[in-house]
Asks: 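Here it is, the structure in full.
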Amino acid sequence: MVERFFKQTHFESIEDYNQNLEFIIPENFNFAYDVMDEWAKEKPDGLALLWTNDQGAEIKTTFAELKEQSDQAASYLQSLGIGKNDPVMLILKRRYEWWVVMLALCKIGAIVIPATHMLTKHDIVYRNTRASVKAIICVDDAYVTSQIVEALPESPTVKALVAIGDNVPEGFHDYLKEIADAPNFERPTFVNTNDDTMLMYFTSGTSGEPKMVAHDYLYAMGHLTTGVFWHNLHEGSLHLTVADTGWGKAVWGKFYGQWFAGATVFVFDHEKFNADTLLRQIEKYRVTSFCAPPTIYRFMIREDLSKYDLSSLEYCTTAGEALNPAVFDKFKEKTGIQMMEGFGQTETTMTLGTFPWMTPKPGSMGIPNAQYDIDLIRADGTSCEDGEKGEIVVRVGDRKPIGLFKEYYRDPELTREVWHDGLYHTGDMAWRDEDGYYWFEGRIDDVIKSSGYRIGPFEVESALMTHPAVVECAITGVPDDVRGMVVKATVVLGKEWKNKAGDELIKELQQHVKKETAPYKYPRIVEFVDELPKTISGKIRRVEIRQKDSCKK
């Protein structure tokens, strides 16, 4: 399968990859037909999806079965009046049907909008009206359905509600009952172009309402490098990515790239994360490839990993936030596996990564993915030298790279703010070493300016994370009359350290940072908390910490 889309599928070095990566781009590409239905022909009995949950249920689905189920779902959705270019919001948590419906919507040319189950009425109204959502397909969760019902009077474009589960409320179509009566599916006569909108994500910024990130049909192809090269997958791989389906990381790690490679997607559906439970799943099902945000690894290494048989694991990757070197080192010490870091945004596929033919540098995001022309620039737009901090940008030129978003839907002004003069501005800061490896510094908005120094949150967080008391931490800036800003550390302590929280431990942590990095970076304010505010994707919300601090004044 991979050979159909790459002119070269194996690389020996960074130089080989940079010089020879080249896509074969079909006309009118459609992932559901051109990849998944083709796998159904080539290896119908191949295991496409292995789904289990925290109640012990289990579903194993072959490529042939997935084709049949997605065809049936496509026909059912058509019977509800859903078709080409119709925006459809999915709020399905990790239910098995999410994968089936995602393929079905692709087959009928609808625009899929994955969303988290934590949305409020306000959130749903905003999404419905901004995107002109025509249908909502959701889990039969009482909170989710109640918020949808409350949003309906202010959502005139919504014409159909579908719920999946055993307790479907009044006013919703019952997916599990009604799909059995769907007629045989016939592939629509329409032809989607590569430029048509296939997928949209609402992504939150540091201020204002969420942005609508619109992706075309080639976005799926952009994840070829994600699954085949970064995750290092192949037929026979059993891959687990920890991600909610409302987050873009789900299609990064549980959908496109993995199935391009012919791997089996492993899904563990659970309500609340527990490191021990997750490790037991890896052990029981013999997972070979694992990807999660650094937050998940931080909790995993707090477990006694000698209690688990993790011998099936061949490859581990991480993305979603910067990886602290201390976490890399501890995981390698306990498992023998080196984590391979990657970087990207909701607006992109993987733009920087550590690939199998590279030696990872703990804490580095790796090198530019050759499908993107990546640079670091100063505030004046000139390119940075090695060792100099700058903003990560994508040089777009005359042709949009495969995987880069189309636009912020219905917001040309916001699109122009980040994409102008041939550059897409990521808003993320980094520096590059002499070997071409990139090192994350933080969002431009997160950089702390104190007494004339520019301090990146990540470098202080990495220093704090080497102290045995610290499980997680977030570094933010607090306004100060003398220094402009001072560094604040918001810290989650390990269980055995919580009774020691106080002035003495604060001084110990401050001295520790002074030893680990430049002394001027140490946190003058330290606050101990039970947990850090996070997005559904697991990213730390430093903006929320800053907002709370400003309200205290």
Side-chain angles (χ1 to χ4, degrees), residues 1-24 221-241 249 252-253 256-263 287-292 294 297 310-320 322-323 325 327-329 331-333 335-344 348-376 386 392 394 401-403 430-440:
M1 183 69 69
V2 175
E3 292 78 8
R4 298 179 187 178
F5 304 107
F6 282 134
K7 290 194 174 179
Q8 181 173 326
T9 59
H10 179 75
F11 300 95
E12 299 289 345
S13 64
I14 295 172
E15 294 75 21
D16 185 16
Y17 182 69
N18 287 340
Q19 293 172 11
N20 297 308
L21 178 70
E22 187 174 351
F23 288 86
I24 301 171
M221 183 173 287
H223 279 300
L224 262 165
T225 54
T226 309
V228 175
F229 299 132
W230 180 47
H231 282 158
N232 198 24
L233 297 173
H234 50 79
E235 294 182 47
S237 295
L238 180 61
H239 179 78
L240 166 60
T241 282
K249 190 65 166 62
W252 275 57
Y256 296 123
Q258 297 65 46
W259 279 336
F260 266 116
V287 170
T288 65
S289 175
F290 179 71
C291 185
Y297 286 101
L310 304 178
S311 59
S312 63
L313 275 180
E314 300 171 353
Y315 213 74
C316 291
T317 47
T318 187
L323 172 68
V327 179
F328 177 100
D329 293 336
F331 187 78
K332 182 181 178 184
E333 174 191 324
T335 66
I337 297 176
Q338 301 182 112
M339 278 186 279
M340 311 297 266
E341 192 171 352
F343 168 83
T348 71
T349 57
M350 184 187 60
T351 49
L352 294 152
T354 310
F355 298 98
W357 50 85
M358 296 168 53
T359 300
K361 294 186 179 184
S364 167
M365 299 180 286
I367 65 167
N369 182 357
Q371 75 192 65
Y372 294 96
D373 183 2
I374 302 294
D375 197 5
L376 290 177
D386 290 347
I392 304 170
V394 179
I402 291 174
W431 61 277
R432 181 182 56 243
D433 68 21
E434 66 278 3
D435 296 320
Y437 286 63
Y438 282 61
W439 301 77
F440 186 74

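All values below come from the heavy atoms of this structure, side chains included, with hydrogens, waters and symmetry mates left out. Here, residue 1 is the first one in the sequence, and each next residue gets the next number.
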Asks: Any salt bridge (Lys or Arg N to Asp or Glu O under 4.0 Å) involving residues 356-372? Give me the pairs, sequence neighbours left out, ordered by first then second residue.
Replies: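 Non-adjacent pairs meeting salt bridge (Lys or Arg N to Asp or Glu O under 4.0 Å): Lys361-Asp433, Lys361-Asp435.
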Asks: Any chance you could lay out the side-chain contact (heavy atoms from CB on, under 4.5 Å) test for Ile374 and Thr351, step after step, and finish with the verdict?
Replies: CA-CA 8 Å; Ile374 302 294; Thr351 49; 4.0 Å; yes
Asks: What heavy-atom pair brings Ile24 and Glu3 nearest, and what distance separates the two atoms?
Replies: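 So the two residues come closest at CD1-O, 4.0 Å.
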Asks: Distance from Cys316 atom SG to Leu240 atom CG, nearest 0.5 Å?
Replies: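 Rounded to the nearest 0.5 Å, the SG-CG separation comes out at 9.5 Å.
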Asks: Can you name the residues that form a ring pair (Phe, Tyr, Trp, His ring centres under 6.0 Å) with His223, not counting sequence neighbours?
Replies: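 Partners of His223 by the ring pair (Phe, Tyr, Trp, His ring centres under 6.0 Å) criterion, ordered by chain and then number, come out as Tyr219, Trp252.
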Asks: Going by the rule salt bridge (Lys or Arg N to Asp or Glu O under 4.0 Å), which residues pair with Glu235 if we only count those two or more places apart in sequence or in a different chain?
Replies: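 Lys43.
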Asks: Quick one: does any side-chain atom of Thr348 pair with a main-chain N or O of Gly344 as donor and acceptor, under 3.5 Å?
Replies: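 The answer is no, because no donor-acceptor pair under 3.5 Å joins these two groups.
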Asks: Measure across Ala261 and Val228 and return the closest heavy-atom pair with its distance rounded to 0.1 Å.
Replies: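 Ala261 and Val228 have their closest heavy atoms at CB-CG2, 4.1 Å.
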Asks: Any idea which heavy atoms bring Phe440 and Ala430 closest together, and the distance?
Replies: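 Minimum heavy-atom separation between Phe440 and Ala430: CA-CB, 4.2 Å.
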Asks: Show your working on side-chain contact (heavy atoms from CB on, under 4.5 Å) between Thr226 and His231 and close with a plain yes or no.
Replies: CA-CA 6 Å; Thr226 309; His231 282 158; 4.3 Å; yes
Asks: About how many Å separate OG1 of Thr317 and CH2 of Trp230, when rounded to the nearest 0.5 Å?
Replies: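 Atom-to-atom, Trp230:CH2 and Thr317:OG1 are 4.5 Å apart.
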Asks: Would you give the length of the straight line joining atom CH2 of Trp439 to atom CG of Leu352, rounded to the nearest 0.5 angstrom?
Replies: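 It is 13.0 Å, given to the nearest 0.5 Å.
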Asks: If the condition is ring pair (Phe, Tyr, Trp, His ring centres under 6.0 Å), which residues does Tyr315 pass it with, not counting sequence neighbours?
Replies: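 Partners of Tyr315 under the ring pair (Phe, Tyr, Trp, His ring centres under 6.0 Å) test: none.
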Asks: Donor-acceptor pair, Ser289 side chain versus Glu314 backbone, under 3.5 Å?
Replies: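 Between the backbone of Glu314 and the side chain of Ser289 there is no qualifying donor-acceptor contact (under 3.5 Å).
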Asks: Please name all residues satisfying side-chain contact (heavy atoms from CB on, under 4.5 Å) with Ser312, sequence neighbours left out, ordered by chain then number.
Replies: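 Scan of Ser312 (side-chain contact (heavy atoms from CB on, under 4.5 Å), adjacent residues dropped) gives Arg286.
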Asks: Write out all pairs satisfying salt bridge (Lys or Arg N to Asp or Glu O under 4.0 Å) with one or both partners inside residues 364-375, taking only residues at least two apart or from two chains.
Replies: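 For residues 364-375: Asp375-Arg395.
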Asks: Only counting residues at least two apart or in another chain, list the ones meeting side-chain hydrogen bond (donor to acceptor under 3.5 Å, both in side chains) with Thr225.
Replies: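 Here the qualifying residues are Asn369, Gln371.
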Asks: Considering all heavy atoms of both residues, which atom of Pro325 and which atom of Pro362 are nearest to each other, and what is their separation?
Replies: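 So the two residues come closest at CG-O, 3.7 Å.
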Asks: To check you understand the geometry: which heavy-atom pair defines the closest contact between Tyr17 and Ala370, and what is its length?
Replies: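 Taking every non-hydrogen atom into account, CE2-N, 3.4 Å.
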Asks: What are the two closest non-hydrogen atoms of Met221 and Ile402, and how far apart are they?
Replies: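 Smallest interatomic distance, heavy atoms only, reads C-CG2, 4.0 Å.
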Asks: Do side-chain atoms of Ser364 reach the backbone of Tyr438 as a donor and acceptor pair under 3.5 angstrom?
Replies: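 Flag set: sc Ser364 to bb Tyr438 pair under 3.5 Å.
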Asks: Which residues pass the salt bridge (Lys or Arg N to Asp or Glu O under 4.0 Å) test with Asp386, sequence neighbours left out?
Replies: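 Partners of Asp386 by the salt bridge (Lys or Arg N to Asp or Glu O under 4.0 Å) criterion, ordered by chain and then number, come out as Arg432.
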Asks: Given 3.5 Å as the limit, does a donor-acceptor pair link the side chain of Thr354 with the main chain of Glu341, or not?
Replies: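 Confirmed, Thr354 side chain pairs with Glu341 backbone.
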Asks: State the CG-CZ distance between Leu323 and Phe328, to the nearest 0.5 angstrom.
Replies: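 With rounding to 0.5 Å, CG (Leu323) is 7.5 Å from CZ (Phe328).
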Asks: Between CG of Asp329 and CE of Met339, what distance do you get to the nearest 0.5 Å?
Replies: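 Interatomic distance, Asp329 CG to Met339 CE, rounded to 0.5 Å: 8.5 Å.
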Asks: What's the spacing between Thr359 OG1 and Tyr437 OH if we round to 0.5 Å?
Replies: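 Rounded to the nearest 0.5 Å, the OG1-OH separation comes out at 5.5 Å.
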Asks: Could you work out, with side-chain hydrogen bond (donor to acceptor under 3.5 Å, both in side chains) as the rule, every residue matching Glu12, not counting sequence neighbours?
Replies: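 Listed in chain order: His10.
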Asks: Who pairs with Asp16 by salt bridge (Lys or Arg N to Asp or Glu O under 4.0 Å), at least two apart in sequence or on another chain?
Replies: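 For Asp16 there are no salt bridge (Lys or Arg N to Asp or Glu O under 4.0 Å) partners, ignoring immediate neighbours.
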Asks: Could you please spell out the steps behind the side-chain contact (heavy atoms from CB on, under 4.5 Å) verdict for Thr335 and Leu313?
Replies: CA-CA 9 Å; Thr335 66; Leu313 275 180; 5.9 Å; no
Asks: Please name all residues satisfying side-chain hydrogen bond (donor to acceptor under 3.5 Å, both in side chains) with Ser237, sequence neighbours left out, ordered by chain then number.
Replies: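 Counting only residues at least two positions away or on another chain, Ser237 forms a side-chain hydrogen bond (donor to acceptor under 3.5 Å, both in side chains) with His234.
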Asks: Quick one: are the ring centres of Phe11 and Phe355 less than 6.0 Å apart?
Replies: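 No, the ring centres sit 6.0 Å or more apart.
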Asks: Does the ring centre of Tyr297 sit less than 6.0 Å away from the ring centre of Phe290?
Replies: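 When the ring centroids of Phe290 and Tyr297 are compared, they turn out to be within the sub-6.0 Å range.
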Asks: Among residues at least two apart in sequence or on other chains, which ones pass side-chain hydrogen bond (donor to acceptor under 3.5 Å, both in side chains) with Gln19?
Replies: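 With sequence neighbours excluded, Gln19 shows a side-chain hydrogen bond (donor to acceptor under 3.5 Å, both in side chains) to no residue whatsoever.
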